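None of the values given here were measured: they were computed from a predicted structure. Every chain is numbered from 1 and lettered A, B, ... according to where its sequence line falls, protein lines coming before strand lines.
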Amino acid sequence: MNPIARKLTALSLAAVMGLGLAACGGGNDDAGNTSTPDATGSAPAGETTYADQIVVGVTQEPKYIEPNAPGMGPSEVQVSQQIFEGLVRTGDDGTIEPQLATDWTISEDGLTYTFNLVQGVKFSNGEDVEPSDWVWSLYRARDYETSNYRYIADSIDTVEATAEQVVITLKEPNAAFLAELGCFNMVLGDQSYAESMSDEEYLKKPIGTGPYMLKDWTQGSSLTLGANPYYRTEGLPKTKEIKYVLVSDDNTRMMQLQSGQIDVAPTFPFSLAQGVEADDSLALDIFPSTQIYYLTVNTTQAPFDDVKVRQALYYALNKAELANAIAGEYGAPVAAIVSETQGEWFNGDLQVTDYDPDTAKQMLADAGYTEPVEFKLSIRTGSTFYEQIATLIKSQVDQAGFSCEIELLESATLSDKYSSLNHQATVLQWVDDYQDPSGVVGWTVDYDQAQCFYTGLNDEELDALYMQAQAEMDHDKRVEMYQEIQQRVYDNANVIPLYRNDFAFARSAKVEGLEVNPFYVYQAMNWTKAN
Amino acid sequence: MIPVLFVVTILVFSIIRFIPGEPARLILGEKATEQAVAALTEKLGLNEPLLTQYFLFLKQIFTLDFGNSFTYQMPVSELLASRFPVTLALTLMSTVISLVISLPLGYFAGVHKDKLGDQVVRTTSLVAISMPSFWVGLLLMIVFALKLKWLPAGGWADTLPEQFRCLILPAITQSLMTSALLLRNTRNSVVDITRMDYVDFARSKGISAGEVRSRHVMRNAMISTVTLLSMRMAAMLGGSVIIETVFSIPGIGKLASEAIFGRDYAVVQFVVLLFAVLVLVINLITDILYSFLDPRVNL
């Protein structure tokens, strides 16, 4: 072989190797093409005043859709809620509303719940709902091993169903049960459909009785929901398709909103809110939420093993400044662990202490600390939001007898550190999943759930009071108990609520009908976009 | 090549496991209960001894069955298949744009050394090197998507022509640094080569200016340019995460960074391995190209 031919052969071989690697990825160019036929005929032809599709720009894509899947978070719930329905749902104002149940009765002992069912309900594949689907679905919510939310269905003992009724018997009275039934994982799935495929497959493409069904999903890029042709209410959903597109960067999301590429941007950062308000073609919707940010301290290590040091933090923190700096007019400083949006459950007697560095210093001096109390505040790196909170906290407490060092950790390392109680202090957040305080209270006082919000403070008396409150069927007494729990958590000062903020949704001014409840659940079936 | 890849398998397997962070806890999120963490750890096979896990990894390589992503619960091969072509297309487009910009301008600046044109080109390239790519990306979006409405402000599409449009701004952004580096390198090479005796000799022989330029100046200048280009291509493939995040493109850079932060061992292992193979292939192609450019190099 002559030298030129040899070189050409070598080059061709190398190119083939390179192309071979590329070819591994071939055949997916049209992965995003929608191949499923149009799912609905619900919108009459010719009605052209509204668009057929609304595009939602999300910063994180869902990993799964089925609500018992591991790691259900806001990204998953917002999609899952459009596909599934339960016996009841939590309404936009936080009250419990019937969904697939018309009405219900509760036995006197508080153990048996009987629900009368809406008739003629079908799954989005056209199959009728069978009584066994209810039994299967509610047991699945209780027993699915890798679900974070099994505890919500934990009080269920047995489920029996007929075509007309579902009867749920509890292991012991649970006053929060009806509210828990409104949670996103207590929903109806199709047993025969689920059993026709592998579990992993089902977690990604489940079907329900809700207004939408999964039409297309290109992971890493977009997910499209199409109208359920068998949805029982005529005229709903109002928009045929809801397309979720992944736009990780908030500045890009803002530009896509301005250029009309996306129509809705959920959980919009407050720092960009002004830009939305200044643009006539856009609108900003603000919804009350149960989202609270907390400073949580490790009580198994010095210096926060001393309750006096923890209590001094109340005066060393300027919560009003924090709320204002981070969320502006959409945030408020808070003192109780339960959100004000939980209504009567919230302990309004707890007042936010004014920033008073001298009192904090005096409290530390009385507790025997003459030198500044040093601690490390561990925060996730790469988040300007958390870095801003940490910087403000440091600037406040350093003037009040503490010496705070900010430790920036990559998020996985940080979660490893606080879940093994190797940290001193960190900032965590919580959004309730249903209209009852038992979620956040359980997380804070029940050691078995999360070592008391990763603070390691095992207050058995408080835990017992929580258990008692869970089982108490007298509403007023129960409210009283939860108020007392909040007071005692405040006294323990292991979980220090900093501020509560609203949910901000930016949208095109053409989009109407957005309502989000305090638990970050919305019904896209009511959305419309004018052409 | 094989020993290098073998060392890569050991390194990638051990490094990702030695950094703190439990995959199950990260998948389950902030509200992870201890029960669910334990159940998921077992389901993912992460309670097996490390040696067993390593042999499983080797077996997966030899059988080309890369297993499932922990986070996405889909075959890693499918994930790579959907993401890799996007990054490859982005890199190739950036490379073409870089070459189209840098070679003519580099030559122009080199032959007009220290004149106004050279000064303008050099200053511009210095500015291009200094600008962070996420900022350039946002600026381009403001101009071409918001003001002129010619191109989309990031995002991805379903059809090939639309996907091509989606790649234009990211490719320009990504090519900026490479163009500037190649331009400066070409310019310096041209300056050095035009001073060489063989160039004067070629001219004195009466060879036309065009032939001197292509056969003697640019061909020799290409030797260092090709080296630099191969390094930049490897860097663009691996470092595409910022561009992919700013422009919301589902490429492999973003997948790799998500997998690292999410401790998705299965994905991290095979993405790193893929990059290692790619860098080896690029180096091989570079070596072969040398033999075309420099007759003294034999394969």
Exercise. When rounded to the nearest 0.5 angstrom, what is the spacing between CD in A/Q219 and CD in B/E78?
Worked result: 9.5 Å
Exercise. How long is the gap from CG on A/L203 to CD on B/Q73, to the nearest 0.5 Å?
Worked result: 8.0 Å
Exercise. Top residue by heavy-atom pair count (under 4.5 Å) with chain B, among A/L246, A/L414, A/T252, A/I262?
Worked result: A/T252
Exercise. Highest number of heavy-atom pairs under 4.5 Å with chain B: which of A/Y454, A/W430, A/Y149?
Worked result: A/W430
Seminar exercise, completed: Note: vs chain B, highest number of non-hydrogen pairs under 4.5 angstrom among A/P62, A/S411, A/S419 is A/S419
For this session: Specify the closest pair of heavy atoms between A/G220 and B/P250, including all atoms of both residues, with the distance to one decimal.
Result: O-CB, 3.2 Å
Exercise. Should we count CG of A/L421 as having more than 12 external heavy atoms under 6.0 Å?
Worked result: yes
Problem set entry | Heavy-atom contact with chain B under 4.5 Å, split by part of A/S259 | both
Exercise. Top residue by heavy-atom pair count (under 4.5 Å) with chain B, among A/T146, A/D249, A/N148?
Worked result: A/N148
Problem set entry | Student check: side-chain heavy atoms of A/T413 and B/R263 closer than 4.5 Å | yes
Problem set entry | Verdict with supporting geometry, A/M255 and B/L138, side chain to side chain contact (heavy atoms under 4.5 Å, CB included) | CA-CA 9 Å; A/M255 273 189 245; B/L138 290 175; 3.4 Å; yes
Exercise. How many angstroms lie between atom CZ of B/F261 and atom OG1 of A/T381, to the nearest 0.5 angstrom?
Worked result: 8.0 Å
Seminar exercise, completed: Answer key: most heavy-atom pairs under 4.5 Å with chain B among A/R253, A/Q261, A/Q449, A/K63 is A/Q261
For this session: Look at atom CE of B/M231 and say whether more than 12 heavy atoms of other residues, nucleotides or ligands are closer to it than 6.0 Å.
Result: no
Exercise. So which part of A/Q258 gets closer than 4.5 Å to some heavy atom of chain B, the side chain, the backbone, both or neither?
Worked result: both
Seminar exercise, completed: Taken to the nearest 0.5 Å, the spacing of B/D158 CG from A/K243 NZ works out to 4.5 Å
Problem set entry | Segment of B/L255 engaging chain A (4.5 angstrom heavy-atom cut-off) | neither
Exercise. Is the closest side-chain heavy-atom distance between A/D448 and B/E34 below 4.5 Å?
Worked result: no
Seminar exercise, completed: Closest non-hydrogen atoms of B/F70 and A/Y64, given as atom of the first, atom of the second and distance, are O-OH, 4.2 Å
For this session: Looking only at non-hydrogen atoms, find the nearest pair between A/Q256 and B/A153 and report the distance.
Result: NE2-O, 2.6 Å
Problem set entry | Contacting region of A/E61 [heavy-atom separation from chain B under 4.5 Å] | side chain
Exercise. Roughly how far, to the nearest 0.5 Å, is NZ of B/K43 from CD of A/E145?
Worked result: 8.5 Å
Exercise. For chain A, which of B/R25, B/E244, B/K149, B/Q35 has the most heavy-atom pairs under 4.5 Å?
Worked result: B/R25
Problem set entry | Test side-chain contact (heavy atoms from CB on, under 4.5 Å) applied to A/P70 and B/T71, B/V37, B/L28, the passing residue | B/L28
Exercise. Which of the residues B/E42, B/K254, B/E258 is involved in the greatest number of heavy-atom pairs with chain A at under 4.5 angstrom?
Worked result: B/K254
Exercise. Hey, which of B/A145, B/G251, B/G154, B/G155 has the most heavy atom pairs under 4.5 Å with chain A?
Worked result: B/G154
For this session: Specify which of B/A36, B/P20, B/P23 makes the most heavy-atom pairs with chain A at under 4.5 Å.
Result: B/P20
For this session: Could you look at B/Y290 and say if it's the side chain, the backbone, both or neither that has a heavy atom under 4.5 Å from chain A?
Result: neither
Seminar exercise, completed: The interface call for A/V247 against chain B, heavy-atom contacts under 4.5 Å, is both
Exercise. Side chain, backbone, both or neither: which part of A/K204 has an atom under 4.5 Å from a heavy atom of chain B?
Worked result: side chain
Exercise. Is the number of heavy atoms from other residues, nucleotides or ligands under 6.0 Å of B/R165 CZ greater than 12?
Worked result: yes
For this session: Heavy atoms only: give me the nearest B/S248-A/S248 pair and the separation to one decimal.
Result: OG-N, 3.5 Å
Exercise. What option among A/E201, A/R150, A/E200, A/Q451 has the most heavy-atom pairs under 4.5 Å with chain B?
Worked result: A/E200
